[in-house]
Amino acid sequence: MNTLLTLTVANLKGLTRDRAALFWTFFFPVMFVLLFGVIFSGSSNSKVAVGFVDLNGSVASRGVQTALSGDKVPLTLQVGTLDAEKAAMQRGDVSAIIVIPSGFQDSLSAKNPVALQLYTDPTKSTTSQVVQSVLGELVNNMNLGLAGGTALVSLKPESLSSTTLSNIDYLVPSILAMALMQLGVFAAIPLVEQREKGILKRIGATPLARWKLVGSNILLRLIVAAVDTVLILGVGMVVFNVQITGNLLAMAGFVFLGAGAFLALGFALAAFLKTEEQANGVVQVVQMPLMFLSGIFPFDFMPEFLRNIARLLPLTYLGDALRQVMVNGTQVAPIGVDLAILVGWLVVCLGIAARSFRWD
Amino acid sequence: MAQTNEPVISVTNLCKCYGDVKAVDGVSFTVGRGEVFGMLGPNGAGKTTTIEILEGLRKPDSGDASVLGMDVTRHADSIKQRIGVQLQSVALFPRLTVTELLDLFGTFFAHHVPTNQLISDLDLGERAHARSMNLSGGQQQRLSIALALVNDPELVFLDEPTTGLDPAARRSLWELVKRLQAEGKSVMLTTHYMEEATELCDRVAIMDHGHILEIGTVQELIRRRFKERAVFFDSSATLPAETLAHLGGVTRASQENGQTVLYSTDIPGTIGALLAAADERGVEPHGLGIRQATLEDVFLDLTGRALRD
């Protein structure tokens, strides 16, 4: 046990004396939080921009406009002609267009059915849903009012979580997940380097048990994981006022499980890589898509086919679990599924590493 | 040379293949207690594979190998407690200092020599707090040997300990090996260098293509092959080796590194005949000299090529 700690301390010294390694393991994730925090906190206004085309110009149509412009309504109206708004939607300035037809007021007076037209952008399914639900509620209320009934049951938009969840709240756990993934996958590089230089072989010629060598490597990375977690959450809380609401024990559990799962991936990669150059390249090839396709950026913004890819990647589930336990974020999968997938990933990768890893 | 009681290394019919390549093919030898035993051979001869089997780093395909009386496959851990290992060209944890590395390796063993003592024994005092990556080649090699001595081993394996060192650093390593022997340790080393084997080793084994070709003291090996001495001179087109093979006393003539070498049992007769033959053709042999056969000659004779080819 004493040897295990001594070896871990030696590894830790090696890490802290290597400036490049220090930068990538500790400063890079913090920079990421700061950078994305600044980018996203500027637009903490999470209202959806919507084009509003009034072809009726009546009291009734202005009433709709006023109703949709309220503070509590998550829409920002941009009034204009249909052509102008369609062009705006093409440019991505608005996510949907609401059109009040020319005979709107007359139809209402005559109690004839009339339809509000809604143009949506199929690539922005979430925002379309927001607009549809807002309009749906409005239409329901109007129908009730016109039919002379009183709305006995109404929907008071009390957010459970996702609406008050600002972008930075979403991003901090995501960036933490990313940092844990990177520290695990990047662990392949020093391991391959130590094998290439014969350090593993040299230690193999001493009576040191191999499990201690592996154990000290795992211990080192878990220490790094803990430090990274404190740094990332600290910056998020202090600089961007992120509220950590979840259970700390569950959070720590997922932090270490996630670090372990990706460390196992790093070990499995190291089993197949022969040179340090090779390791540097392959590790990038593995971590880049993981980083960009795993919902580090909000899942809902992804087009459908990317979401399907994301569902195959373990980092998606680590991010999802951390968001659920830390900020009570909306889920991609139930927490039990996240747990099962991460444990499964850990076991499979460790199995591959144990079978295929070469010491010289 | 106290080659008494049981040998520290005993190898019988050892074989190890990598795919189709027989790296070690039926090797047998013993090393006595207190002996410095050298294994000579070109790259790829199987020296490192043999030594790594004895160190417990590789498993043999067949044959028996025991170190300090214990079988290498069954008692690797007990063996590792009592041997010292220096591997070919190892960079150690580059960012740890000399002291830290010696302390760390000490914890791997049941008992170990104090770090201060190793540092002074290996003359690393000035560099005790330098990171291993900043050491010179000779210092790195001394550190590597200090690490091999951390457990005060009975038997030390040195795999090409002086490759890549300058002559002064090589000399100081030779002194160190002699000191180890004086302390009663046994040493097995591999080398490319004939003069190293001649200087240090009580006995040498010459290895090529996975086989041991000869084993013995350097003098035995030379005498076994060469009853004759050699007359040599700078090669010249007017005095081709083939035409000199029948001169008086010459047993064999060859071209080696730009020199023509005549192996002879009758040196005065051969020189007389050579000078007469040169005079006849109106030339004078340049760089004329006489020498006894060396380990290099033995090697060349055994393998048909020079060691560093």
Side-chain angles (χ1 to χ4, degrees), chain A residues 1-26 187 189-217 219-221 224 274-277 279-280 357-360, chain B residues 18 48-49 51-59 67 72 75-97 99-112 130-134 140 143-145 147-151 153 156-159:
Chain A
M1 201 60 204
N2 193 14
T3 321
L4 181 64
L5 289 181
T6 320
L7 199 53
T8 307
V9 170
N11 277 324
L12 203 56
K13 279 180 186 163
L15 176 69
T16 54
R17 289 172 189 176
D18 180 351
R19 285 196 191 155
L22 269 188
F23 175 82
W24 288 108
T25 38
F26 297 119
I189 296 173
L191 211 54
V192 172
E193 184 192 352
Q194 288 182 4
R195 178 176 49 208
E196 197 186 2
K197 286 185 173 166
I199 295 174
L200 293 184
K201 193 201 242 180
R202 178 65 188 86
I203 291 178
T206 71
L208 180 75
R210 269 183 186 162
W211 74 264
K212 288 187 181 172
L213 188 58
V214 177
S216 79
N217 236 305
L219 209 56
L220 169 74
R221 299 293 153 183
V224 172
K274 294 205 164 51
T275 66
E276 199 189 338
E277 284 81 29
N280 274 315
F357 193 83
R358 291 179 49 89
W359 296 84
D360 57 32
Chain B
Y18 298 115
T48 298
T49 303
I51 219 170
E52 287 183 355
I53 290 171
L54 296 175
E55 290 162 352
L57 289 169
R58 294 178 190 283
K59 301 258 174 285
V67 169
V72 291
H75 302 291
D77 282 341
S78 313
I79 292 173
K80 284 172 184 175
Q81 287 284 359
R82 290 165 59 191
I83 61 171
V85 171
Q86 180 255 328
L87 300 177
Q88 238 178 72
S89 57
V90 177
L92 288 142
F93 295 99
R95 290 183 177 78
L96 294 190
T97 68
T99 307
E100 286 168 342
L101 276 168
L102 289 168
D103 284 342
L104 177 66
F105 271 64
T107 64
F108 298 164
F109 293 91
H111 81 104
H112 60 91
R131 294 182 187 176
S132 73
M133 64 197 274
N134 297 330
Q140 293 223 4
L143 171 58
S144 176
I145 291 174
L147 290 168
L149 300 177
V150 95
N151 55 332
V156 184
F157 291 96
L158 304 173
D159 198 359

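Letters go in sequence order (proteins before strands), and every chain restarts at 1. Since we're looking at a predicted model, the values are computed, not measured.
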For [X], is it the side chain, the backbone, both, or neither that has a heavy atom closer than 4.5 Å to a heavy atom of chain A?
{"X": "B:T97", "value": "both"}
{"X": "B:L147", "value": "both"}
{"X": "B:F105", "value": "side chain"}

| request: Using modelled atom types only, decide if a donor and an acceptor are shared between the side chain of A:K197 and the backbone of B:F93 within a distance under 3.5 Å. | output: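 Looks like no, no N/O pair under 3.5 Å.
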| Are the side chain of A:R202 and the backbone N or O of B:V85 linked by a donor-acceptor pair below 3.5 Å? |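 Yes, because the side chain of A:R202 sits within donor-acceptor range (under 3.5 Å) of the backbone of B:V85.
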| So which of A:A10, A:A209, A:P190, A:G198 has the biggest tally of heavy-atom pairs under 4.5 Å with chain B? |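 Highest number of pairs under 4.5 Å: A:A10.
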| field | Salt bridge B:E100-A:R17, side-chain N to carboxylate O under 4.0 Å | value |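 A salt bridge links B:E100 with A:R17.
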Working to the nearest 0.5 angstrom, can you tell me the gap between [X] [atom1] and [Y] [atom2]?
{"X": "B:L87", "Y": "A:I203", "atom1": "CG", "atom2": "CD1", "answer": "11.0 Å"}
{"X": "A:N11", "Y": "B:L96", "atom1": "CG", "atom2": "CG", "answer": "8.0 Å"}
{"X": "A:K201", "Y": "B:R58", "atom1": "NZ", "atom2": "CZ", "answer": "5.0 Å"}

| query | Where is the tightest heavy-atom contact between A:L208 and B:F108, given as atom of each residue plus distance? | reply |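 A:L208 and B:F108 have their closest heavy atoms at CD1-CD2, 3.7 Å.
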| request: Locate the shortest heavy-atom distance separating B:K80 from A:A205; write the atom from each residue and the value. | output: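 Heavy atoms of B:K80 and A:A205 come nearest at CG-O, 3.7 Å.
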| message | Is A:L7 in contact with chain B via its backbone, its side chain, both, or neither, using a 4.5 Å heavy-atom distance? | response |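 Contact with chain B is through both the backbone and side chain of A:L7.
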